[in-house]
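Only a predicted model underlies this, so the values are computations on that prediction, with no experimental measurement involved. In what follows, chains are A, B, ... by sequence order, proteins preceding strands, each numbered from 1.
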Amino acid sequence: MDYKKAIISLSCEAKHETNEILRMSEYNPSNIEPKWQSYWLENKTFKTDDADRSRPKFYILDMFPYPSSAGLHVGHPEGYTATDILARYKRMKGFNVLHPMGWDAFGLPAEQYAVKTGTHPRVTTQYNITQFRRQLQAIGFSYDWDREVDTTDPAYFRWTQWIFLQLYHQGLAYEASVPVNWCPALGTVLANEEVIDGKSEVGGFPVIRKPMRQWMLKITAYAERLLNDLDELDWPDSVKEMQRNWIGKSVGADVRFDVDGHDEVIEVFTTRPDTLWGATYMVLAPEHPLVDVITTSEQRDAVEQYRKDASLKSDQDRTDTRKKKTGMFTGGYAVNPVNNARIPVWVADYVLISYGTGAIMAVPGHDERDWEFAKTFGLPIVEVVAGGNVEEAAYTDNQDGVLTNSASTGISLDGLNVPEAKKRIITWLEEQQKGRGTVNYKLRDWLFSRQRYWGEPIPIIHVDGQPKPVAESALPLELPEVEKYEPSGTGESPLATIEEWVNTTDPETGKPARRETNTMPQWAGSCWYYLRYISPDYELGPVDPEKEKYWMPVDMYVGGAEHAVLHLLYARFWHKVLYDLGVVSTKEPFQRLVNQGMILGEMEYTLFKDADGAYLSPDQAERYDGEVQRIKLTDEDIEKTSTGFALKTDAVQKYGLSEAAAGTYVIEARSYKMSKSRGNVINPDDVIKEYGADALRLYEMFMGPLEQVKPWSMRGVEGVFRFLKRVWRVYVDDRTDELNADLVDVEATRDQLKVLHETIKKVTEDIEGGRYNTAISQLMIFNNEAMKWEQKPKSVMNTFLVLLSPFAPHIAEELWSRLGNPNTIAAENWPKFDESYLVADAFTYAIQVNGKVRGTLELPADKATDKDLVLSMAKAEPGVAKYLAEGNIVKEVFVPKKIVNFVVK
RNA sequence: GCCGCAGUGGUGGAAUGGUAGACACGAUGGACUUAAAAUCCAUUGACCCUCAAACGGUCGUGCCGGUUCGAGUCCGGCCUGCGGUACCA
C-alpha cells in the first residue's frame with residue numbers, strides 16, 4: 001500500500017490511526033515475540049540431547065518457584081534471565097546444556113485456600129502452575145520443557161518418599177517428642193512464621209509450646225562434612241559464612257561434676273575447660289531432668305514456680321538478651337572436679353536444654369552471661385585468667401591471657417596461656433575420668449513433620465506402637481481425598497480424621513496398623529529436584545546413574561539469598577546421604593552458586609506530617625508516636641540539597657506548609673521492597689504488554705550487577721526499549737518494512753571490524769564473568785556506531801545479531817530470518833574475536849606533573865612505545881612545560897601506551 | 001553485640017593501581033511537525049575566572065589517616081545503610 005496516499009485519504013478525526021499505520025513496520029514486539037516462542041516450542045529448539053556425550057556438559061539451574069496465586073513477580077525473571085543468557089551462550093559455544101524448570105508446588109497457601117473455599121489444593125496448584133508456565137514462556141526462556149518436574153506429582157514424590165525410606169534405614173530418621181507451636185483456640189499447630197509475638201497471626205490467639213510426636217532427620221550426623229566440604233565450593237563468601245555460623249562448631253570438653261549428697265553426675269559442655277577453677281556455681285536448664293533430683297524440699301516450690309514460668313515464655317522471650325537474667329537456687333550443690341569445691345546449683349532459663357548437655361559450669365570471671373548472672377544474684381567471681389578486671393567485666397580473651405589461681409594437688413595451669421591450658425586440662429580430665437575433649441554444634445536435627453494435608457505423606461505405618469516403613473514397591477503413597485481441609489482439632493494433620501485411610505493392616509503380619517498422619521515439609525521436594533531433571537521419567541530410582549554421572553554437579557545455580565542457609569543446607573545433607581548410598585557420584589550438588597539481589601519498587605519521595613498536619617523530618621517521623629501522614633511527591637516537587645532531598649520552594653504552599661521555612665523541608669527518598677500492601681508491585685505481564693519480553697529481559701540485566709539490590713524504574717525499561725527500536729531501525733526500513741538498503745554485501749572496513757571485535761570480546765568476557773549489564777552497554781555502543789555507517793556489511797550485522805541473541809532472543813531471531821538466514825539463530829556458533837583488529841592505530845598519553853593531568857599527547861602506534869620520544873614530546877607540551885618550569889624533574893614515570901608522570905620539586 | 005556485603009553525578013550504574021563518571025535514565029536547548037507523540041542533534045559532576053564564550057583553574061568516589069610517582073581501587077581506624085544471626089556455654 002502507498003502509505004502516503006492512505007494518510008491523505010484519512011479524515012482529521014481519524015488521525016490517531018495514521019500513527020498506527022506508520023507504526024506497523026516499526027519495532028513491535030507483540031508481533032514477533034509470540035511467533036518465535038511458538039517456533040521454539042514446536043521445534044523443540046532447546047531440547048537437551050541426552051545421548052550426546054561428544055560435547056562438554058553444562059548444567060545451569062534456577063531455583064524453581066512456588067507457583068503462588070499472585071503469579072510471577074519481576075524478581076523471578078531476574079535470575080532466570082541471567083541463567084537463560086548463560087544457557088543460550090553456552091549452547092552456541094558448543095556445550096551440551098541442561099537448563100530445566102519445574103515447580104515447588106506443595107505449600108501452605110494452597111491449603112489455606114482449600115480451608116477457606118473447599119477447593120482441592122491440587123486444583124489451585126495446577127491452575128497456578130499453568131499461569132506460571134505461560135508467564136515464563138512469554139519471556140522466551142530456553143528451558144527444555146520436556147523435563148518439567150512438579151513436586152506434587154505422585155511420579156515425583158514417589159522418589160521423595162523413597163529417599164525418606166533410605167534415611168530411615170540409615171538410622172537418620174527417627175521419632176521424638178518435640179515442642180511445637182500449639183494454638184488451643186484454633187486447634188492447630190502453627191509454623192514459626194505464623195506466630196507473631198507469641199500470638200497466632202490469624203486471630204491473635206495465644207500460642208504455647210506443646211510437645212508432640214514428630215519425625216526428625218539426623219542432619220547433625222553430617223555436621224562435620226557439611227562444614228568441611230564448604231571449602232571446595234565456588235559460592236559467595238557470605239553464604240558459606242552463614243552456613244558455617246549455622247552449623248556453629250565449637251571445640252571444648254565435657255566435664256563431669258558429682259552432685260553433693262546424691263549418686264548423680266551433672267555433665268556440662270564448655271569451650272573453656274581451662275577456667276574450671278573459676279567455676280563458682282552451676283546452672284541447669286529448667287527442663288533438665290536432674291532439677292527434680294537436686295532441688296531441696298525448702299526450694300522445691302520456688303523452683304517449680306520458676307520452671308512453670310519459664311515454660312510459658314516463648315523462645316523469643318527466653319532468648320531476649322536485653323532482659324535481665326532470671327534464675328532460682330535449687331538448694332543443691334555440686335563438686336568441682338579440679339578442687340573438690342562445693343558450688344551451688346541454680347536453675348535459669350539462660351541455659352538452653354537443646355544445646356550441649358543442657359547444663360553449664362558458670363565462670364563469671366570469664367563469661368559475660370555468667371558475669372551478669374553472678375552480679376544479679378550476688379554469686380562470687382574468681383579471676384583465673386589474668387589480663388582484665390573481673391570486678392568490672394568478664395575477661396573473655398582466649399589467646400593471650402595467662403592462667404592464675406588454677407592449681408590443685410597434682411595439676412596446675414598457672415602461668416600457661418589459654419590454648420596450652422586447655423590442652424593440659426583436657427588430658428588431665430581424661431586421665432582422671434572426669435571428662436573428655438568434645439565438639440559441639442549449634443546445628444540441630446531437622447524437624448521433618450508437619451501437621452498438614454498438602455505435603456508428601458510420610459511412608460510409615462505404626463504396628464503395635466512401633467514405626468514400620470512402607471515397602472518401596474508400595475510407593476507412591478498418595479494423599480487420600482478429604483471432605484474438608486480444616487485441622488483435626490487435636491493438633492494432628494487433617495489426614496488423622498480419615499478413619500478408612502488411617503486404619504490399615506500391616507501387609508507382612510496382617511496386624512492392624514495406623515498410618516503416619518504427619519506430612520513432609522516443603523523443603524523435602526526441593527532437596528533433590530535438581531536430580532530429577534536429569535532423568536525425569538526414570539523408573540528404577542530417583543535418577544538414572546549413567547546420566548547422573550554425566551550431568552552432575554550443577555555448574556551454575558542461581559537464586560535468592562533467602563535460601564542461603566536452609567534450602568542449601570538441607571539439599572546438601574540429602575545429597576551426601578545419597579552419595580553414601582551410591583545414588584549420586586559427587587559429594588556436593590551445586591558447584592557454583594550466585595545469589596541475585598532483590599528488586600525493589602520504584603523510588604518514592606515522601607513528605608511526612610504529624611496528625612495535626614505539622615511538618616516532620618524523616619527522623620522525627622520514625623520516632624513519632626501518633627499517626628504519621630505520608631504524602632507522596634513527584635519529581636517536580638523536590639530538589640536536591642547538600643544533604644538529601646527537600647521540598648522545592650514553589651511547592652511548599654501546595655502542601656500547606658509555611659513558606660518562611662522553605663528549603664528546610666527535608667523529605668525521604670528511598671525505594672521499598674515490593675509488596676501488595678504498599679502497592680508497588682510490578683507485574684511482568686504488564687511490562688511485556690507495553691514493551692515486550694526482550695525489553696523486560698534487557699532491563700532486568702541492564703539495571704546493574706546481578707547480585708546487587710536495586711530499585712525498579714519504568715523509565716529504565718523505556719530506555720532499553722528505545723535501544724531495541726534503534727536496533728530494529730538499523731536493519732528494517734520502517735516505511736516499507738523491508739530490509740534497509742544500506743545493508744549490503746561488502747567487505748567490512750577496518751573501523752567496522754574493530755568495533756565488532758571489541759564487542760565480541762567484551763560481550764564474551766562479560767557473559768563469562770556474569771557482568772550482563774556491561775555486556776549490554778557494549779551492544780549499545782556497537783549499535784550507536786552502526787547507525788552512523790552509510791554501508792552496513794551484512795557479515796558484520798549478522799554477527800551482531802548472534803551477540804545480541806542471548807539477551808534479546810526474539811528480535812534477534814526475527815532480524816536474523818529477515819536477513820535471509822534459514823535456521824534458528826540459537827544454532828549458530830558463538831563468534832571468536834581476532835586480536836589483530838583490536839590493536840589501536842594510535843594511543844593517547846595522559847601527561848601528569850606530580851600526579852595531576854596537565855595535558856594529553858596522541859601518538860601513532862609505531863611511535864607510542866619509544867620512551868625517549870614520548871618523554872621529550874611530553875615535556876614540550878605547552879600545558880606541561882609551564883608546570884615543569886616550577887622546579888626540577890626528580891623522577892620520570894613512563895607507562896607504555898598509557899601515561900607519563902613527571903615528579904617535580 | 002557478632003558475621004557478611006555495600007557507600008561514586010539529579011537517578012541506575014562504569015572504571016587489570018594509570019585521563020573518575022562508560023552505557024543508560026532524567027533535565028535543558030535545538031531540528032522535524034499546524035500541534036503532539038515518536039525520532040534525530042547538542043549540552044549536562046560542583047565551583048571559580050569571564051558581559052559571554054573559548055581557554056584555563058580549583059575541588060570531587062561516606063569520614064580520618066597511611067602506602068605509592070600516581071588510590072574509587074591497596075592497608076589501618078571510624079561512620080552510615082542493607083542482609084544474616086543472636087544468652088549456643
*Where along nucleotides 18-24 of chain B does protein come under 4.0 Å, by heavy atom, of base (B) or sugar-phosphate alone (S), with - for untouched nucleotides?*
BB--BBS
*Is any side-chain N or O of A:Arg244 closer than 4.0 Å to OP1 or OP2 of B:rG4?*
no
*Should A:Tyr883 be listed as having a side-chain N or O under 4.0 Å from OP1 or OP2 of B:rG56?*
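So the side chain of A:Tyr883 is outside the cut-off, no N or O lying under 4.0 Å from OP1 or OP2 of B:rG56.
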_Let's see if you can work this out: which of B:rU39, B:rU85, B:rC25 has an atom nearest to the side-chain heavy atoms of A:Lys725?_
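Comparing B:rU39, B:rU85, B:rC25 against the side chain of A:Lys725, the answer is B:rU39.
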Using the [atom1] atom on both, measure [N] against [M] and round to a whole Å.
N	M	atom1	result
B:rC63	B:rU8	P	10 Å
B:rU61	B:rA46	P	15 Å
B:rG72	B:rA15	C1'	9 Å
B:rG76	B:rC87	P	31 Å
B:rG77	B:rG4	P	13 Å
B:rG21	B:rG13	C1'	9 Å
B:rU43	B:rA36	P	24 Å
B:rC75	B:rA22	C1'	29 Å

*Would A:Tyr699 and A:Tyr691 count as a close aromatic pair, with their ring centres under 6.0 Å?*
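Ring-ring flag for A:Tyr699/A:Tyr691: false, centres at least 6.0 Å apart.
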*Strictly under 6.0 Å, is that where the ring centroids of A:Phe800 and A:Trp789 end up?*
no
Separation of [X] atom [atom1] from [N] atom [atom2], in whole Å?
X	N	atom1	atom2	result
A:Trp371	B:rA89	CH2	P	21 Å
A:Lys442	B:rU85	NZ	C1'	7 Å
A:Asp734	B:rU39	CG	C1'	9 Å
A:Met282	B:rA89	CE	P	16 Å
A:Leu600	B:rG13	CG	P	10 Å
A:Arg272	B:rA89	CZ	P	12 Å
A:Arg670	B:rG81	CZ	C1'	10 Å
A:Met603	B:rC25	CE	C1'	12 Å

With a 4.0 Å cut-off on heavy atoms, is [X] in touch with a base, just the backbone sugar-phosphate, or nothing at all?
X	value
A:Pro705	sugar-phosphate
A:Gln708	sugar-phosphate
A:Val351	base
A:Arg854	sugar-phosphate
A:Ser713	nothing
A:Tyr772	nothing

Between [Y] and [X], is there a salt bridge with N-O shorter than 4.0 Å?
X	Y	value
A:Glu718	A:Lys725	no
A:Glu224	A:Lys249	yes
A:Lys762	A:Glu765	no

Is there a donor in the side chain of [X] and an acceptor in the side chain of [Y], or the other way round, less than 3.5 Å apart?
X	Y	result
A:Asp766	A:Thr774	yes
A:Tyr395	A:Asp367	no
A:Ser354	A:Arg444	yes

Short N/O separations, protein against nucleotides 73-76 of chain B, under 3.5 angstrom:
none

Watson-Crick or G-U wobble mate for [N], both contacts under 3.5 Å:
N	value
B:rA42	B:rU28
B:rG7	B:rC79
B:rC47	B:rG57
B:rA36	none
B:rG1	B:rU85
B:rU16	none

*Where does the angle between the aromatic ring planes of A:Phe373 and A:Phe377 fall among parallel (under 30°), tilted (30 to 60°) and perpendicular (over 60°)?*
tilted
*Aromatic ring pairing A:Trp728/A:Tyr27, orientation class (parallel under 30°, perpendicular over 60°, tilted between)*: tilted
*Around A:Lys375, counting heavy atoms of other residues, nucleotides and ligands shown, do more than 12 lie under 6.0 Å from its NZ?*
yes
*Around A:Glu267, counting heavy atoms of other residues, nucleotides and ligands shown, do more than 12 lie under 6.0 Å from its CD?*
yes
*Using the glycosidic torsion, which applies to B:rG9: syn (within 90° of 0) or anti (everything else)?*
syn
*asked:* I want to confirm an ordering. Mapping A:Asn245 and A:Glu718 to their closest nucleotides on RNA chain B, which one lands closer to the 5' end?
replied: A:Asn245
*Relative to the 5' end of RNA chain B, which residue comes earlier, A:Pro711 or A:Lys762, by the nucleotide with the nearest heavy atom?*
A:Pro711
